[in-house]
Structures are given as structure tokens and as C-alpha cells.
Amino acid sequence: MKIGEDFIGIATPFYCNDGKGNFLLHKRSKKCRDENGNWDPGSGKLDFGVSIEENVLKEVAEEYGCKGEIQERLPAHDVFREHGGVKTHWISIPFFIKVNPKEVRNNEPDKIDEIGWFRLDNLPKPLHTGFQFSFSKFRDYFEKYK
């Protein structure tokens, strides 16, 4: 059974920023499950027995090799997508995370082709569809961090 396809997946996306209006995104490699070549802020499935706060900080460390500080949690919401003709359903519980840019690195080079810092008015394309949805739905939250 596949998470997000055969049963609802729960993810803890994170919107890492430097506290000065710059957001960290990465380009998904061909080895990622889906949306290869799309720019994504980062996320991970919620692991059994781990709190959502612990999970999101663990995922930040796994993907970007740094510690993060939780700034705010956004409301949980459904993300319905279609990939390769297959409908997917995820529950997204996103967080804004402050990181030190000097500590950030590509800690998963097999899944991440490149990383970069971007301002909200100059995001790279194409964006991951889950991020596009959350960014448009919760734009007011993002505006607080620019």
C-alpha cells in the first residue's frame, strides 16, 4: 500500500526562512517520489510515535543539515493532487521555521538537485503543487515573514 494513494498521508511541510524575508527551497531530483524538477520548501511524512513538532525539526535536519526554530504552525489542511493519473490525498500540517543560512546545506544530494534562497515576490518555477496550494491559501501567513 502506498501512502497518500491507498490511504491518507500526513505530512509536516516546513517553510524555512532567515528572518529577513528569504525562504529556502530545493529542486527535487529524479529520485524523488513525484514532482521531479519542481521547487519545494521541504516536507516529510509524519512518523509513528513522533510528535508533529519533533517530526518537522527532524525533517529540517535531514534535508538541510541544520537546526531550526519553530516560529508558527499553520492550520492543518487537505492537499488533493494527481500524479501520473493517480489521485493523492495528504493532510498537511505546515510550520514556519527560522534557520541560520550559514548552517544550511544540501543534506540529501540524492533527492535534492540544488537549494536556493528566494523572496516571496521572486519564487522559482515550477513550484511543487502542494506548496502552491498552501502558499495561495495562506498567503497572509507568509506575508508576516517577508
Side-chain angles (χ1 to χ4, degrees), residues 1-18 21-68 70-99 101 104-146:
M1 293 187 51
K2 291 184 180 179
I3 189 168
E5 293 178 17
D6 298 312
F7 60 96
I8 298 169
I10 300 174
T12 56
F14 42 90
Y15 310 127
C16 292
N17 67 87
D18 63 359
N22 299 298
F23 285 81
L24 178 62
L25 283 87
H26 66 261
K27 190 173 185 181
R28 296 168 64 89
S29 80
K30 292 180 181 179
K31 293 184 180 180
C32 287
R33 175 181 55 244
D34 58 15
E35 302 216 31
N36 314 102
N38 289 8
W39 288 88
D40 183 14
S43 184
K45 70 174 179 59
L46 180 60
D47 291 331
F48 183 81
V50 179
S51 75
I52 54 177
E53 292 83 5
E54 291 171 325
N55 201 81
V56 75
L57 294 174
K58 174 184 69 72
E59 291 292 338
V60 168
E62 285 177 7
E63 293 186 25
Y64 295 131
C66 65
K67 292 183 180 181
I70 294 174
Q71 297 168 299
E72 182 175 15
R73 185 174 106 187
L74 277 75
H77 56 281
D78 294 287
V79 177
F80 298 101
R81 300 183 300 144
E82 188 171 313
H83 175 69
V86 176
K87 291 182 179 182
T88 66
H89 183 185
W90 288 82
I91 301 293
S92 178
I93 307 171
F95 291 83
F96 284 94
I97 305 288
K98 186 175 180 184
V99 296
V104 170
R105 67 181 187 275
N106 180 348
N107 209 38
E108 291 187 334
D110 57 322
K111 294 182 180 178
I112 298 173
D113 283 340
E114 62 182 290
I115 61 174
W117 290 92
F118 303 92
R119 300 196 68 80
L120 294 178
D121 60 357
N122 193 30
L123 293 172
K125 291 185 174 46
L127 289 172
H128 186 281
T129 57
F131 176 54
Q132 286 180 51
F133 176 80
S134 299
F135 183 59
S136 64
K137 183 174 179 72
F138 298 104
R139 184 74 188 223
D140 291 347
Y141 284 85
F142 284 89
E143 293 293 326
K144 292 191 281 184
Y145 295 95
K146 71 176 197 176

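All heavy atoms count here, side chains included; hydrogens, waters and symmetry mates do not.
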Between Lys31 and Asp110, does any side-chain N to carboxylate O distance fall below 4.0 Å? no

Glu72: partners by salt bridge (charged side-chain N to carboxylate O under 4.0 Å, His left out), with sequence neighbours left out: Lys144

Side-chain donor-acceptor contacts of residues 1-14 below 3.5 Å, not counting sequence neighbours, with atom names and distances?
{"residue": "Asp6", "atom": "OD2", "partner": "Lys2", "partner atom": "N", "Å": "2.6"}
{"residue": "Thr12", "atom": "OG1", "partner": "Gly44", "partner atom": "O", "Å": "3.4"}
{"residue": "Thr12", "atom": "OG1", "partner": "Asn55", "partner atom": "ND2", "Å": "2.9"}

Going by the rule salt bridge (charged side-chain N to carboxylate O under 4.0 Å, His left out), which residues pair with Glu143 if we only count those two or more places apart in sequence or in a different chain? Arg139, Lys146

For Glu108, salt bridge (charged side-chain N to carboxylate O under 4.0 Å, His left out) partners two or more places apart: none

Look at the aromatic rings of Tyr15 and Phe131 and report parallel, tilted or perpendicular, splitting at 30° and 60°. tilted

Partner residues of Phe95 under the ring pair (Phe, Tyr, Trp, His ring centres under 6.0 Å) criterion, sequence neighbours left out: none

Can you list every ring pair (Phe, Tyr, Trp, His ring centres under 6.0 Å) pair that touches residues 25-59, not counting sequence neighbours? His26-Tyr64, Trp39-Phe118

Tyr141: what forms a ring pair (Phe, Tyr, Trp, His ring centres under 6.0 Å) with it, not counting sequence neighbours? Phe138

Under the side chain to side chain contact (heavy atoms under 4.5 Å, CB included) rule, what do Ile112 and Asn107 come out as? Steps first, then yes or no, please. CA-CA 8 Å; Ile112 298 173; Asn107 209 38; over 6 Å; no

Return the CD1 to CG distance between Ile115 and Asp40, rounded to the nearest 0.5 Å. 13.0 Å

Considering only NZ, NE, NH1 and NH2 on the basic side and carboxylate oxygens on the acidic side, decide whether Lys58 and Glu54 come within less than 4.0 Å. no

Is the shortest heavy-atom distance from the side chain of Lys98 to the side chain of Asp18 under 4.5 Å? no

Are Leu120 and Phe135 close enough that some pair of their side-chain heavy atoms sits under 4.5 Å apart? yes

With a 4.5 Å limit on heavy-atom distance, are the side chains of Ile52 and Arg73 in contact? yes

Shortest non-hydrogen contact between Asn36 and Ser29, atoms and distance: ND2-O, 2.8 Å

Residues at least two apart in sequence or cross-chain that pass ring pair (Phe, Tyr, Trp, His ring centres under 6.0 Å) with His83, listed by chain then number, are none

Test your reading of the model: is there a side-chain donor-acceptor pair from Glu35 to the backbone of Thr129, 3.5 Å cut-off? yes

Only counting residues at least two apart or in another chain, list the ones meeting salt bridge (charged side-chain N to carboxylate O under 4.0 Å, His left out) with Asp113. none

Among all residues two or more places apart in sequence or in another chain, which pass the ring pair (Phe, Tyr, Trp, His ring centres under 6.0 Å) test with Phe133? His77

Applying side chain to side chain contact (heavy atoms under 4.5 Å, CB included), run through Asn17 and Ile97 and close with a yes or a no. CA-CA 6 Å; Asn17 67 87; Ile97 305 288; 5.8 Å; no

Residues Pro126 and Asn38: closest non-hydrogen pair is CG-OD1, 3.1 Å

Heavy atoms only: give me the nearest Trp117-Val99 pair and the separation to one decimal. CH2-CG2, 3.7 Å

Approximate separation, where rounding is to 0.5 Å, of Cys66 SG and Leu24 CG: 7.5 Å

For Pro109, the side chain to side chain contact (heavy atoms under 4.5 Å, CB included) test, sequence neighbours excluded, returns Asn106

So Phe23 and Phe96, would you call those rings parallel, tilted or perpendicular, with 30° and 60° as cut-offs? perpendicular

Can you run down the side-chain hydrogen bond (donor to acceptor under 3.5 Å, both in side chains) pairs that involve residues 86-95, sequence neighbours left out, and say none if there aren't any? Asp78-His89

Is the shortest side-chain heavy-atom distance between Ile93 and Val56 below 4.5 Å? no

